Amino acid sequence: MLPEQNVHVRRRTEVLQVDPADPDPASIDRAARIIRSGGLVAFPTETVYGLGVDAMDAAAVRTVFEAKGRPATDPLIVHVLSAAGSGPSAQDVTSRLPTTAQDLADRFWPGPLTLVLPRAAGVPTEVSAGLDSVAVRAPAHPVARALIAAARRPIAAPSANRFGRVSPTTAAHVLEELDGRFDLVLDGGPTPLGVESSVLDLGVEPPVLLRPGGVSLEALREVLGQVDHEPRRIVADDAASSAPGQLLGHYAPTTPVYLLEGSAAEVGRLVDRLDELGIAARPIELAADADEAARELYSTLRELDGLGADVLLVRAVSTEGIGRAVNDRLFRAAHGRVLPSDRDDAVAVLRRDLGR
Ligand code: TXA
Ligand code: MG
């Protein structure tokens, strides 16, 4: 838990259940009023739950950083309804919409794609951590869309978890992380995709995929031709300002996680060997299907984290489609630690790291 003195205003968090496909207008209206008066509302998107505020209200934006314990150097995503339609749009928060952005929006919005574009002067610098750019996406979830439409404001929203922790895919996860630090959560059930949006920087040529997510690299290349993607950067966890969102410790449970190769049976034998040495290791068994693996990833990490194991062991999934995003999050959850394939070597590494 963060020290309570970091939270200037202790809030009473209200929970409203909503139908994810067709949310009740009275609940949406209540949430929208909170946004318009500078409050904090957690809401489901198709990826994960976000913690939203009026993106144009600098004071409200600062409270999001405070609620999450997020350093002011890590910029937020602004949520809109479209590229340039009626209601809050990307056009309202950017100084220029390149045709590539329009093409991508035509193909992938509403959906799990975030575009980094030139920031409009009216958007508070806090949103972008002082950068000249702004990250924008039009979420597909009916609850998120209804909220943006009713608030008539672009909504700045990071994932609704404490900084560096696993993203929430249910309202219960949000409350576990942030109860008492925000005003209202719209509980629309579990989020359909389970991992965050892809973040694409259009300010460079060729565009760079900064974070793999719900829209695959292959699908982006179909529209853009060339897209670079940053190799996973090994960045020390205190180097926040140089690489926003690139910290390895992001998405990390408190139980140490290690990636490894090999079959489930080999992992089983490693677990048995560790057990003989008094080290409680739990394998993380994700579904073979990448979409399903994405959906269950964060709740599985959360569940296993609560079991008090000494170490969690996980095998990477297929890199197809959303699998690249799943592997990226696993790699970060593991702080980049990959075990040697030889069992004795793996045991030696774990004994050394755990001091056993
Ligand atoms: O699916 C999602 O994207 C979820 C839902 C709530 O929309 N949001 C989310 O937000 O994952 P957050 O704050 O957890 O992650 C935002 C990512 C970070 O990696 C941040 O560094 C990057 O977007 N980002 C935001 N603004 C940026 C900018 N101007 N330039 C480069 N990266 C930026
Ligand atoms: Mg996040």
Side-chain angles (χ1 to χ4, degrees), residues 45-48 50 52 55 75-120 122-123 127-129 131-142 144-145 147-149 153-159 167 191-231 244-246 290-291 294 319-326 328-329:
T45 78
E46 70 277 30
T47 58
V48 300
L76 308 180
I77 295 172
V78 176
H79 297 70
V80 296
L81 291 178
S82 65
S86 60
S89 73
Q91 217 167 28
D92 301 337
V93 295
T94 57
S95 59
R96 197 171 48 83
L97 260 193
T99 51
T100 46
Q102 187 64 60
D103 293 346
L104 289 162
D106 287 347
R107 169 86 187 264
F108 299 111
W109 281 5
L113 175 64
T114 295
L115 301 176
V116 176
L117 295 164
R119 178 170 55 87
V123 177
V127 169
S128 297
L131 300 171
D132 293 335
S133 57
V134 63
V136 192
R137 91 172 181 103
H141 198 293
R145 295 186 66 75
L147 179 61
I148 299 163
R153 291 281 204 284
I155 295 182
S159 52
S167 295
T191 56
L193 288 180
V195 294
E196 299 85 346
S197 62
S198 306
V199 179
L200 183 71
D201 187 356
L202 288 178
V204 285
E205 196 39 51
V208 175
L209 182 63
L210 298 175
R211 178 178 75 181
V215 170
S216 74
L217 184 59
E218 295 72 25
L220 293 171
R221 284 182 174 150
E222 273 172 32
V223 174
L224 295 173
Q226 202 181 344
V227 177
D228 282 352
H229 69 103
E230 306 233 297
Q246 297 292 326
D291 291 336
T319 56
E320 252 168 67
I322 205 167
R324 187 186 299 275
V326 174
D328 171 77
R329 305 308 187 268

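Small disclaimer: the values here were computed from a predicted structure and weren't measured.
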Smallest separation among heavy atoms of Ala90 and Val80, with atom names
N-CG2, 3.7 Å
For Glu320, does the CD atom sit with more than 12 other heavy atoms under 6.0 Å from it, leaving out its own atoms?
no
CZ (Arg153) and CG (Asp92) are apart, to the nearest 0.5 Å, by 11.0 Å
Please report the shortest heavy-atom distance between His79 and Ala157, naming the atom on each side.
CE1-O, 3.1 Å
Spacing of Leu147 atom CG and His141 atom NE2 [to the nearest 0.5 Å]
11.5 Å
Does the Arg145 side chain pair with the main chain of Leu81, one donor and one acceptor, at a distance under 3.5 Å?
yes
Note: Pro154 and Pro88 closest approach over all heavy atoms is N-CB, 3.7 Å
For Ala290 against Ile322, the heavy-atom pair lying closest together
O-CG2, 3.5 Å
Does either side chain, that of Ser197 or that of Thr47, offer a donor lying less than 3.5 Å from an acceptor on the other one?
no
I want to check something: taking the side chain as every heavy atom from C-beta on, are Val204 and Asp228 in contact at a cut-off of under 4.5 Å?
no
Once you round to the nearest 0.5 Å, how far does CG of Leu104 lie from OG1 of Thr99?
9.5 Å
side-chain contact (heavy atoms from CB on, under 4.5 Å) involving Ser133 - partner list, sequence neighbours excluded
Val116, Leu131
CG on Asp201 to CG on Leu117, rounded to 0.5 Å
8.5 Å
Starting at CD of Gln102, measure out to CG of Leu115 and round the result to the nearest 0.5 Å.
10.5 Å
If the threshold is 4.0 Å, N to carboxylate O, is there a salt bridge linking Arg137 and Glu46?
yes
In short, Gly213 meets Arg329 closest at the heavy-atom pair CA-NH2, 4.1 Å
Straight-line distance of Glu196 CD to Ser167 OG, nearest 0.5 Å
3.5 Å
Side chain of Thr94, backbone of Pro118: donor and acceptor closer than 3.5 Å?
no
For Phe108 versus Val223, what's the shortest heavy-atom pair and its separation?
CE1-CG2, 3.8 Å
Testing Leu220, Asp328, Leu209 for side-chain contact (heavy atoms from CB on, under 4.5 Å) with His229, which one passes?
Leu209
Hey, does the side chain of Ser198 reach the backbone of Val215 with a donor-acceptor pair shorter than 3.5 angstrom?
yes
Would you find more than 12 non-hydrogen atoms of other residues, nucleotides or ligands less than 6.0 Å from Asp132 atom CG?
no
